[in-house]
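A, B, ... follow the sequence lines: proteins, then strands. Residue 1 opens every chain.
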Amino acid sequence: MVFTEPTGIRQRNFKVRDYHLAATLDSGQAFRWNPQGTTWTGVIGHRWVRLTPTGAFILAESSSEPGDWHWLEEYLQTRVDLDFVLQQLPSDPVLQQALRTHRGLRLLRQDPWECLASFILSSTKQITQIKQIVERLCRRYGVPVRTPAREAVIHAFPGPDRLATLSEPDLRALGMGFRAPYLLEAARRVAAGRLDFDQLRQVSLDEARAVLMDLPGVGRKIADCVLLFALGFNQAFPVDVWVLRALRSAWFQNRPVPLSQVVRFAESHFGAQGGYAQQYLFHHMRTQPAVQRFGSLT
DNA sequence: GTCCAGGTTCACG
DNA sequence: CGTGAACATGGA
């Protein structure tokens, strides 16, 4: 069912099962979604998008010609059978607690360039600050996106070709500090075709990770974020400070285990769909008061 | 004013 | 190879 409103907005209802839109869009995977009540507004590619969960559906609105809407199903991963995925995860009580609490949280499938650039900017930044700096970058260097009447102007994420023309001072002027040269080099490498995301999808996890980690400012954690949130490597398990805390606390009895050992453990222990486990644990750590995070276990 | 943030790099021992 | 400090900036 597709129809057009007088304002030029195209709408479509997507039937979904087990889809927690708020948790998905607000769990630190993507940084450009803003809530107004239960409605979320953002940009996917060059399209303004508004999403509203309504029972068994997600109402999607776009101001640009949406075509068959496949781009949105791909982004939201609405076709993924969540039960099939989650049943592959270990039965550890702590993990199961997080799965129950945030049932319906999904991994998105984002644009690799936007994902890489955003996470280069994420290092030692709070999520609110990451959103701010990404927004500043889009407003300054992204092209305006077609928006419905009365809606605020919004910009697409600037492509690598655009950022590659800038200088380090240009980027530092946006307040990204020591991350500026990292972002610039990434943009240049992608713009020049020396980093090809389509190629990364064809190789093994280890090979793709090595290519990403060859970028300055991209270590294991940021590489795993891109592998998981954009390239479809569901085994990738980014370990940041929050997930590190969760793992040390629940799987290592709070012993000061080295980060490298925790990382090694995580990827083998959580298996082929470990990335989903990681995202549930991360969101759980960030949303639950410390005392009730893991039920009676801590 | 202090502490810390979805880390990475580099210089040590 | 494991550890610790430096790196910019600003929110809480």
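- For residues 269-279 of chain A, the pairs satisfying side chain to side chain donor-acceptor pair (under 3.5 Å) are Ser27(A)-Gln279(A), Asp92(A)-His269(A), Asn234(A)-Gln273(A), with sequence neighbours left out.
- Each of Tyr182(A) and Arg286(A) was assigned the nucleotide of DNA chain B with the nearest heavy atom; the assignment lying further toward the 5' end belongs to Arg286(A).
- Residues that satisfy the side chain to side chain contact (heavy atoms under 4.5 Å, CB included) test with Glu168(A), not counting sequence neighbours, are Arg172(A), Ala180(A), Pro181(A), Leu184(A).
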Summary of protein contacts for nucleotides 2-12 of chain C, nucleotide by nucleotide, where a base hit scores B, a sugar-phosphate-only hit scores S (4.0 Å, heavy atoms): -S---BBBBB-
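- Listed by first and then second residue, the ring pair (Phe, Tyr, Trp, His ring centres under 6.0 Å) pairs involving residues 201-236 of chain A are Phe119(A)-Phe229(A) (not counting sequence neighbours).
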Please list, one pair per line, the donor and acceptor atoms closer than 3.5 Å that link side chains of residues 132-141 of chain A to other protein atoms, with sequence neighbours excluded.
unit_1, atom_1, unit_2, atom_2, d
Glu135(A), OE1, Arg32(A), NE, 3.3
Glu135(A), OE2, Arg32(A), NH2, 2.9
Arg136(A), NH1, Leu174(A), O, 2.5

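- Base contact: Ser27(A) has a heavy atom under 4.0 Å from a base atom.
- Classification of Arg106(A) and Asp18(A) as a salt-bridged pair fails, no side-chain N sitting under 4.0 Å from a carboxylate O.
- When the P atom is used for both dA11(B) and dA8(C), the distance is 15 Å, rounded to whole Å.
- Listed by chain and residue number, Arg245(A) satisfy the side chain to side chain contact (heavy atoms under 4.5 Å, CB included) test with Val241(A) (two or more places apart in sequence, or in another chain).
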Find every protein N or O atom lying less than 3.5 Å from an N or O atom of nucleotides 11-13 of chain B, and list the pairs.
none

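- The residue Val218(A) sits close only to the backbone: its heavy atoms come under 4.0 Å of sugar-phosphate atoms, none of a base.
- Applying the salt bridge (charged side-chain N to carboxylate O under 4.0 Å, His left out) rule to pairs touching residues 115-131 of chain A yields Asp26(A)-Lys131(A), sequence neighbours excluded.
- Taken together through direct or relayed side-chain contacts under 4.5 Å among Ile, Leu, Val, Met, Phe, Trp and Tyr, Leu259(A) and Met213(A) form parts of separate hydrophobic clusters.
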Please output the side-chain donor-acceptor pairs of residues 204-212 of chain A that fall under 3.5 Å, not counting sequence neighbours, one pair per line with the distance.
unit_1, atom_1, unit_2, atom_2, d
Ser204(A), OG, Glu207(A), N, 3.1
Ser204(A), OG, Glu207(A), OE1, 3.0
Asp206(A), OD1, Arg209(A), NH1, 3.3
Glu207(A), OE1, Ser204(A), N, 3.3
Arg209(A), NE, Asp224(A), OD1, 2.8
Arg209(A), NH2, Asp224(A), OD1, 3.2
Arg209(A), NH2, Glu267(A), OE2, 2.6

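- Comparing dG7(B) with dC1(C), their P atoms sit 25 Å apart, to the nearest whole Å.
- Taking a cutoff of 4.0 Å between a charged side-chain nitrogen and a carboxylate oxygen, Glu61(A) and Arg10(A) do not qualify as a salt bridge.
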Criterion salt bridge (charged side-chain N to carboxylate O under 4.0 Å, His left out) on Arg189(A) and Asp214(A), from CA distance to verdict: CA-CA 11 Å; Arg189(A) 211 173 284 192; Asp214(A) 186 56; 2.8 Å; yes
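- Rounded to an integer number of Å, the gap from CH2 of Trp242(A) to P of dC4(B) is 12 Å.
- Residues of residues 208-217 of chain A having a heavy atom closer than 4.0 Å to DNA chain B, listed by number: Leu215(A), Pro216(A), Gly217(A).
- Remark: the separation of the P atoms in dG13(B) and dA6(C) is 15 Å, to the nearest Å.
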Under a 3.5 Å cutoff on both atom distances, Watson-Crick or G-U, what's the dot-bracket for DNA chain B ([ ] crossing, | other strand)? .||||.||||||.
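- Gln279(A) comes within 4.0 angstrom of a nucleotide base, judged by non-hydrogen atoms across all strands.
- Considering only heavy atoms from C-beta on, Thr78(A) stays 4.5 Å or farther from Leu72(A) through its side chain.
- Taking the side chain to side chain donor-acceptor pair (under 3.5 Å) definition, one finds that Thr124(A) meets it with Arg179(A), sequence neighbours left out.
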